[in-house]
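Below is one structure, written out as structure tokens; comments come after it.
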Amino acid sequence: MSIVEMKVPVIGESVTEVTLSEWLKADGEYVEQDEAICEFESDKATLEFPAEAAGKLIYVAAEGDDLEIGALVAKIDTSASGGDAAPKETAAAPAPAAKAEEPAPAAAPAPSTSYAAGTPSPAAGKILREADVDPATVNGTGRDGRITKDDAQKAAAAPKAAPAAAPAPSSAPAAAPAPASFSRATRTEKMSRMRRTIASRLVSAKNNTAMLTTFNEVDLTEVMALRKKVQDKFVEKYGTKLGFMSIFAKACAVALMEMPDVNAHLAEDEKSLIYHDFVDISFAVSTPTGLVVPPINNIESLHFADIELKLKDLAARARANKLSIEEMQGGTFTITNGGVFGSMLSTPILNQPQSAILGMHNIIQRPVAVNGEVKIRPMMYLALSYDHRVIDGSSSVTFLVRVKQLLEDPTLLLLGV
């Protein structure tokens, strides 16, 4: 017997441990070289682990196990052939019943069903859940009938079948399951590695920084008028809409270049400051497994359309767990938009080692005083959380006022003044 040991590979400089989130192949199944056998969940991303050789897969670790880099995950018996290995839990399916009017056929081996048949891959499963598509209705084209990401995307894009006709009034409605009265049930679920990492970093930011938050409000009348005026031409030329996020990002980039203290962060020795002659803004993206903050580099040099396209790509790949660890690192400033969830006001927590984060909120039509008259305007509250060890209170307020000025008169932003 020739055994190849599969160990957790080195994933990145800062990653010392991973969680085995899901086995993609069954214990005892024959796998090909480079075929993904399981998925690891690290602090920042979900990664597939390919087989280093062809042979029979032998589990060593279990789903949910936390494994250090170099820990043994599985073994592969390379002396086994495809016919020798079979999933332990796979059972032969019963032979189909013969029709009454036909003689029973001669005894034949019952067809076997692969465990993978009709099972979506992790990425495909997320797409199907988001599109509310039943995996049982999807024909898998992957190995052994597994539903691939491409299968899921096609199923999600397919038009939904027309709903069944409503039953006649005389038909008795189906009885809905009665909710349990005064239920006291509880359940315990292990936190995902990403959720644990988020929790650890949030506590660290609260405990290890002198964090304060300053607030202001911005009248978005001119920004909304600008978007309405140029939207059709913008879409025609660049193939994407002009959103609020790119405008806010450019306004922040201008203010950050003018106020390098807000764009700096404390060195590890906490005795010096690191300043940046560029603006890399991290954008908070909500995913099924937690919040991620991938950065877009050199915002100060990018066009609005470049920012919108990059944002769209980052968000799509983040929700599909397709971002690499390198793409999740860096950033000199962060923007988070709680307004998309209806948040009116919040105090965002710093994204260490950065020194400041801007919180956007929902836009509400409110009465405000304009030149002595009461006007109804689209207003948004802005919140800037900052590390007081790096940024003085006057600098934080001045920064937020500058962002407000650029947003309330976007011609200043477009002309660079």
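Keep in mind the model is a prediction, meaning the values are calculated, not measured.
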- Message: To the nearest 0.5 Å, what is the distance between CG on L202 and CD1 on I349?
- Response: 4.5 Å
- So, do H265 and H276 sit near enough that their side-chain heavy atoms are less than 4.5 Å apart? yes
- Message: Could you tell me if the side chain of E408 sits less than 4.5 Å from the side chain of E222, heavy atoms only?
- Response: no
- Message: With a 4.5 Å cut-off on side-chain heavy atoms, are E308 and Y238 touching?
- Response: no
- Query: Which heavy-atom pair separates A249 from I281 by the least distance, and what is that distance?
  - Reply: O-CD1, 3.7 Å
- Task: Carefully, step by step, assess L24 and I37 under the rule side-chain contact (heavy atoms from CB on, under 4.5 Å).
- Result: CA-CA 5 Å; L24 303 179; I37 61 171; 5.8 Å; no
- Query: How far apart are the C-alpha atoms of V218 and L220, what are their side-chain angles, what is the distance that settles it, and do they pass the side-chain contact (heavy atoms from CB on, under 4.5 Å) test?
  - Reply: CA-CA 6 Å; V218 57; L220 294 175; 4.1 Å; yes
- Message: side-chain contact (heavy atoms from CB on, under 4.5 Å) for Q231 and V235? Distances and angles first, verdict last.
- Response: CA-CA 6 Å; Q231 194 67 274; V235 172; 3.9 Å; yes
- Message: Quick check against the 3.5 Å criterion: does D280 have a side-chain atom that pairs as donor or acceptor with the backbone of N298?
- Response: yes
- Taking all non-hydrogen atoms of both residues into account, name the closest pair between A251 and L407 and its distance. CB-CD2, 4.1 Å
- Neighbour count above 12 (heavy atom, 6.0 Å) for N139 CG: no
- Message: Heavy-atom count check: over 12 atoms from other residues, nucleotides or ligands less than 6.0 Å from K7 NZ?
- Response: no
- For the residue pair F399 and N216, establish whether any side-chain heavy-atom pair is separated by less than 4.5 Å. no
- For the side chain of E17 and the backbone of D66, is there at least one donor-acceptor N/O pair under 3.5 Å apart? no
- Query: Between A74 and V60, which heavy-atom pair has the shortest distance, and what is it?
  - Reply: CA-CG2, 3.7 Å
- Task: Mind listing the closest non-hydrogen atom pair of P367 and V374 along with its distance?
- Result: CB-CG1, 3.9 Å
- Task: Check step by step if side-chain contact (heavy atoms from CB on, under 4.5 Å) holds for L314 and V285.
- Result: CA-CA 9 Å; L314 279 179; V285 179; 5.6 Å; no
- Quick one: are D219 and M379 in side-chain contact, heavy atoms under 4.5 Å? yes
- Query: Would the number of heavy atoms belonging to other residues, nucleotides or ligands and lying under 6.0 Å from CG of D134 be above 12?
  - Reply: yes
- Message: Is any side-chain heavy atom of S395 closer than 4.5 Å to one of Y386?
- Response: no
- Message: Test your reading of the model: is there a side-chain donor-acceptor pair from E63 to the backbone of W23, 3.5 Å cut-off?
- Response: yes
- Query: So, D392 and S394: side-chain donor and acceptor under 3.5 Å apart, yes or no?
  - Reply: no
- Just wondering, are more than 12 heavy atoms of other shown residues or ligands nearer than 6.0 Å to CG in N371? no
- Task: Indicate yes or no for a side-chain donor-acceptor contact from E300 to the backbone of V279 under 3.5 Å, with no hydrogens or angles considered.
- Result: yes
- Query: To the nearest 0.5 Å, how far apart are NZ in K312 and OG1 in T240?
  - Reply: 5.0 Å
- To the nearest 0.5 Å, what is the distance between CD (E327) and CZ (R317)? 4.0 Å
- Please determine, by modelled atom types, if T332 and N263 share a side-chain donor-acceptor pair under 3.5 angstrom. yes
- Indicate yes or no: at least one non-hydrogen side-chain atom of R227 is less than 4.5 angstrom from one of I247. yes
- Which class fits the ring pair F244 and F248: parallel under 30°, tilted 30 to 60°, perpendicular over 60°? perpendicular
- In terms of heavy-atom contacts, does CD of Q365 have more than 12 from other residues, nucleotides or ligands at under 6.0 Å? yes
- How long is the gap from NE2 on H361 to CD on E217, to the nearest 0.5 Å? 13.0 Å
- Item | T78 side chain to S2 backbone, donor-acceptor under 3.5 Å | yes
- Note on the structure: Rounded to the nearest 0.5 angstrom, the CD1-NZ distance for I307 and K310 is 9.5 Å
- Are the side chain of S385 and the backbone of P348 linked by a donor-acceptor contact shorter than 3.5 Å? yes
- Heavy-atom closest pair (V417 atom, R402 atom, distance to 0.1 Å) is O-NH2, 3.2 Å
- Message: Checking T209 against Q352: is there a side-chain donor and acceptor pair closer than 3.5 Å?
- Response: no
- Query: Taking all atoms of both residues into account, what is the closest heavy-atom pair of A264 and S355, and its distance?
  - Reply: O-OG, 2.7 Å
- Query: How about D261 and Y275: do any of their side-chain heavy atoms sit closer than 4.5 Å?
  - Reply: yes
- Pairwise distance NZ(K25) to CD(E32) - rounded to 0.5 angstrom: 9.0 Å
